[in-house]
There are 2 protein chains.
Amino acid sequence: MKVMIVDDHFVVRSGLVASLELEEGIEVVAECEAGESAPDFYAASSPDVVLMDMQLPGWNGIETTERLLEQDPSAKVLIFSTFARDDEIQAALDGGAKGYLQKTASRDELLGALSRIAEGGNYLAPAIANRLAGLKLGPSITLREREILSLIAKGRANKEIAAALGIAEDTVKRHISNVLQKLGVSDRAQATAEAIRRGIVKVEE
Amino acid sequence: MKVMIVDDHFVVRSGLVASLELEEGIEVVAECEAGESAPDFYAASSPDVVLMDMQLPGWNGIETTERLLEQDPSAKVLIFSTFARDDEIQAALDGGAKGYLQKTASRDELLGALSRIAEGGNYLAPAIANRLAGLKLGPSITLREREILSLIAKGRANKEIAAALGIAEDTVKRHISNVLQKLGVSDRAQATAEAIRRGIVKVEE
DNA sequence: GTTCTCGTCCCCCTTTTGTGGGATGGCGAA
DNA sequence: TTCGCCATCCCACAAAAGGGGGACGAGAAC
């Protein structure tokens, strides 16, 4: 089985290489530090499975997965993330990933997930699968709403947001009113915290 | 140099072992998955440096560091964390750690930090050191202001904050006005984002 | 002593925010 | 096609937010 690794942490890459190369029949054919370079590495090494980190500078794991799938619709991506946030898992699976594993997973779980996916199957850690099954999917946040949320987090007033997007201030207020309800919060400050928690808005260093 | 590793992620442990064992003069004498077992491993292997993960189930990195220092006040601990939150770094250094390194660090940075600390020195990633220095130079956020910031992030209105703290609404407004200036932001939404970024307010799963 | 910051309180003022109502056009799914 | 959702716009209104002024007591710092 040919495996490609996408992770910006050298320590994770070398840990994965060290564990996987020990295994009979597994070969790491590419290691890549950034989402942006993944398509080229993929084309050059045609791996059976891609092990993809979620938190990457630049393109994140989801975006990179989508690009790989544009390039090769049969690409098999296993997301390997530090976190297990429901919305992130949902987004990863929606984006076409074949599985989702936390970095707390044991070596056996990792190997099991890899072989399941190489065979064309899917893999979700049991704990995650259960949680997702019981998850009541709340109303989804639209593109426009996400856009406005990120401007709110930057301290923009409704008037400024309207100007930036070229729409009326009343429309902005309407969007905000809707998104506050969807997030189950009462004002833009709490919406900011919730958007950051859900990964809708990023906080850069 | 004898190194002990404390990290619950097998992939990080094997990555560290793989990278460190390649190096002349470095030997990994203990690997440990939980803070609770660290003291025993430490006593059995007497390492020169302990590489400590921050996010551990049970005892976290700071608590484990403190226990190791009770046991051996000359223990040298290098925190190896996924994050770089100001308050966490502060707590780690206050707790007696000799250094703080993010998991995004390169192999060279890691080796450099390890040898600096083995020699009895300290190590803070340059970016982090600058940021901490910058924060100390900037105006400091008072206790009351932090308290109010976290209530703002929870969506509380000024009136509610006043009631919760048993003070007048005008006083709350005064505090908010001050803290907005100190953070260099224009409203409570942006203040929320900034407070989260600086680690003043935490976002839990 | 004096000066400084912190936390507290009051007044007044403008601007912003958030919600309610109602309305239109587009677009995709049932 | 009809229905629902998205995005857009309008109006009106109450509440909230944020800034300005001035003031006071406690305690730390000089």
Side-chain angles (χ1 to χ4, degrees), chain A residues 66 87 90-91 94-96 136-198 200-201, chain B residues 87 90 134-196 198 200-201:
Chain A
E66 286 169 349
D87 60 325
Q90 196 65 55
D94 288 350
K136 50 180 193 306
L137 282 178
S140 57
I141 314 297
T142 68
L143 268 179
R144 207 42 154 180
E145 287 163 349
R146 285 164 191 268
E147 207 169 359
I148 289 178
L149 272 176
S150 73
L151 289 171
I152 286 179
K154 289 194 181 122
R156 302 284 189 278
N158 294 343
K159 200 177 293 181
E160 295 172 319
I161 296 174
L165 300 182
I167 58 180
E169 190 187 340
D170 271 312
T171 307
V172 174
K173 290 168 99 173
R174 170 71 51 199
H175 284 310
I176 292 177
S177 207
N178 290 336
V179 84
L180 290 183
Q181 282 203 324
K182 287 183 182 176
L183 291 176
V185 298
S186 58
D187 64 33
R188 57 215 283 126
Q190 197 183 0
T192 299
E194 183 63 19
I196 290 172
R197 195 185 72 75
R198 295 201 189 183
I200 297 170
V201 169
Chain B
D87 60 328
Q90 200 65 57
L135 284 183
K136 280 179 183 148
L137 292 181
S140 58
I141 314 298
T142 69
L143 268 179
R144 207 43 154 178
E145 288 164 349
R146 286 163 190 269
E147 207 169 359
I148 289 178
L149 271 176
S150 72
L151 289 170
I152 286 179
K154 288 192 181 123
R156 302 285 189 278
N158 294 343
K159 200 178 294 182
E160 294 173 319
I161 296 174
L165 300 181
I167 58 180
E169 190 187 340
D170 270 314
T171 307
V172 174
K173 290 169 97 173
R174 169 68 58 199
H175 284 310
I176 293 177
S177 209
N178 289 337
V179 84
L180 290 183
Q181 280 204 323
K182 287 184 183 176
L183 291 175
V185 299
S186 58
D187 62 34
R188 57 215 283 126
Q190 197 183 0
T192 300
E194 183 63 20
I196 290 172
R198 294 202 190 181
I200 298 170
V201 170

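Just so we're on the same page: letters track the sequence lines, and every chain starts at 1. Scope of the values below: all heavy atoms of this structure, side chains included, with no hydrogens, waters or symmetry mates.
Rounded to whole Å, atom C1' of dC5(D) lies 11 Å from atom CD of E145(A). When rounded to the nearest whole Å, the span between CG of L151(B) and C1' of dA17(D) equals 16 Å. Whole-Å rounding puts the L143(A) CG to dC6(D) P distance at 11 Å. One atom, CD1 of I167(B), and another, P of dG25(D), lie 19 Å apart when rounded to the nearest Å. One can place CZ of R144(A) at 9 Å from P of dC9(D), the figure rounded to the nearest angstrom. Atom CD1 in I141(B) sits about 14 Å away from atom C1' in dT5(C), given to the nearest Å. If you take NE2 of H175(A) and C1' of dC5(D), they are 12 Å apart, rounded to a whole angstrom.
Overall, the helix from dG1(C)-dC30(D) to dA30(C)-dT1(D) carries an axis bend of 50° between its ends, with five pairs at each end and the value rounded to 10°.
No donor-acceptor distance shorter than 3.5 angstrom exists from the side chain of R144(B) to the backbone of T142(B), with no hydrogens or angles considered. A donor-acceptor pair is defined here as one N or O able to donate and one able to accept, closer than 3.5 Å; no such pair exists between the side chain of E145(A) and the backbone of I141(A).
A pairwise comparison of heavy atoms in G155(A) and D187(B) identifies O-OD2, 3.3 Å as the closest pair.
Residues R188(B) and N158(B) meet the side-chain proximity criterion, which asks for heavy atoms closer than 4.5 Å.
Residue T142(A) places none of its side-chain N or O atoms closer than 4.0 Å to OP1 or OP2 of dC6(D).
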Polar atom pairs (N or O), protein with nucleotides 14-19 of chain C, under 3.5 Å:
{"from": "dT16(C)", "atom 1": "OP2", "to": "K159(A)", "atom 2": "NZ", "distance (Å)": "2.9"}
{"from": "dT17(C)", "atom 1": "OP1", "to": "R188(A)", "atom 2": "NH2", "distance (Å)": "3.2"}
{"from": "dT17(C)", "atom 1": "OP2", "to": "N158(A)", "atom 2": "N", "distance (Å)": "3.0"}
{"from": "dT17(C)", "atom 1": "OP2", "to": "N158(A)", "atom 2": "ND2", "distance (Å)": "3.3"}
{"from": "dG18(C)", "atom 1": "OP1", "to": "R188(A)", "atom 2": "N", "distance (Å)": "2.9"}
{"from": "dG18(C)", "atom 1": "OP2", "to": "R188(A)", "atom 2": "NH1", "distance (Å)": "2.8"}
{"from": "dG18(C)", "atom 1": "N7", "to": "K173(A)", "atom 2": "NZ", "distance (Å)": "3.4"}
{"from": "dG18(C)", "atom 1": "O6", "to": "K173(A)", "atom 2": "NZ", "distance (Å)": "2.8"}
{"from": "dT19(C)", "atom 1": "OP2", "to": "S177(A)", "atom 2": "OG", "distance (Å)": "2.6"}

